[in-house]
Amino acid sequence: MASLISDDEKKILTGVFGDVFDTFKRQIDVYKEPVKTIDTINESALFGYGEEANITNYTYTVQSGSFSGVISYQDKQDQNYYSELNGPIPMGDVRIKVQQDCRDFIANGKTEKIEFDGKSWNVISDDSVQRFLDSTFYVYYLERAK
């Protein structure tokens, strides 16, 4: 099937779309649920004989990543509206557009929070795919963490 846009034109248009993303991108920090690691288990402790009953024998390892994304604050913060995500979006929300690496990090495991602009945000939607020719981006809606 013939295409209305040649391969060279696709490369140019896709490059321009990528340049727009690169121009307006900002740093987004994504924090996942920490991993609990058990260090040692003390099996010889007899409780009540001078030792602590619950010796801390585990540590938490923070899982986080820094990614690039385009952040869009919504103008209408006082009313609900409907989106392509099949439902109302609560007031006080933000939309972020990210690339595949950030989408994979958010989708793998539990995301506790996302930080940018000195504020913490919770993810309130699944990703929606936004394609333009050969470019693919992923859109998430966030709400301010209380």
Side-chain angles (χ1 to χ4, degrees), residues 1-43 45 47 52-146:
M1 179 178 212
S3 176
L4 296 175
I5 302 172
S6 71
D7 289 339
D8 290 337
E9 290 172 325
K10 279 185 183 181
K11 287 180 185 176
I12 292 169
L13 291 172
T14 302
V16 169
F17 199 68
D19 290 344
V20 169
F21 181 84
D22 289 339
T23 300
F24 296 105
K25 72 181 178 184
R26 296 183 14 218
Q27 180 176 326
I28 297 172
D29 297 319
V30 180
Y31 293 90
K32 306 297 283 184
E33 185 174 44
V35 175
K36 186 176 183 178
T37 306
I38 298 175
D39 295 331
T40 60
I41 298 175
N42 186 0
E43 296 177 355
F47 302 119
E52 294 182 30
N54 292 324
I55 300 171
T56 304
N57 59 356
Y58 55 86
T59 58
Y60 288 101
T61 305
V62 177
Q63 291 185 306
S64 65
S66 292
F67 302 95
S68 296
V70 176
I71 301 165
S72 301
Y73 287 92
Q74 302 301 321
D75 290 336
K76 296 182 180 181
Q77 297 287 315
D78 58 345
Q79 29 180 307
N80 290 343
Y81 64 95
Y82 287 86
S83 72
E84 67 272 9
L85 298 176
N86 300 326
I89 301 298
M91 50 190 180
D93 67 321
V94 169
R95 183 178 74 116
I96 60 171
K97 184 188 298 184
V98 296
Q99 294 173 319
Q100 182 74 42
D101 58 344
C102 184
R103 183 248 176 227
D104 292 342
F105 191 75
I106 291 173
N108 186 12
K110 181 180 178 189
T111 300
E112 287 195 335
K113 65 181 177 177
I114 295 177
E115 288 185 347
F116 52 86
D117 291 343
K119 298 177 181 107
S120 295
W121 305 87
N122 296 324
V123 178
I124 59 170
S125 71
D126 291 332
D127 61 279
S128 71
V129 180
Q130 192 174 66
R131 289 191 175 95
F132 178 75
L133 299 175
D134 294 332
S135 297
T136 303
F137 294 95
Y138 301 89
V139 176
Y140 287 94
Y141 285 90
L142 312 175
E143 70 178 352
R144 179 86 185 268
K146 306 273 190 254

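FYI, the numbering just counts along the sequence from 1. Bear in mind that the values here come from a model prediction, so they are computed numbers and not experimental data.
- Side-chain contact between W121 and E115 is absent, with no heavy atoms from C-beta onward closer than 4.5 Å.
- Separating the CG atom in L133 from the CD1 atom in I12 is a distance of 11.5 Å, to the nearest 0.5 Å.
- With a 4.5 Å cut-off on side-chain heavy atoms, Y73 and D117 count as touching.
- More than 12 non-hydrogen atoms from other residues, nucleotides or ligands lie less than 6.0 angstrom from CZ of F132.
- In summary, of the residues considered (V123, I124, D126, V94), a side chain to side chain contact (heavy atoms under 4.5 Å, CB included) with Y140 occurs for V123 alone.
- Scanning both residues, Q100 and Y138, for their nearest heavy atoms gives OE1-OH, 2.6 Å.
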For residues 61-69, dump all side-chain donor-acceptor pairs below 3.5 Å to protein atoms at least two apart in sequence or in another chain.
unit_1: S66; atom_1: OG; unit_2: Q27; atom_2: NE2; d: 3.4
unit_1: S66; atom_1: OG; unit_2: D29; atom_2: OD1; d: 2.6

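- Side-chain contact between V98 and F137: absent, with no pair of heavy atoms (C-beta onward) separated by less than 4.5 Å.
- Within the 4.5 Å cutoff, the side chain of I106 has heavy atoms near those of the I114 side chain.
- Note that the CZ atom of R95 and the OH atom of Y141 stand 5.5 Å from one another [nearest 0.5 Å].
- A cation-pi arrangement is found for K32 relative to F105, the charged atom lying closer than 6.0 Å to the ring centre and inside a 45° cone about the ring normal.
- For K25, the salt bridge (charged side-chain N to carboxylate O under 4.0 Å, His left out) partners two or more places apart in sequence, or in a different chain, are D22.
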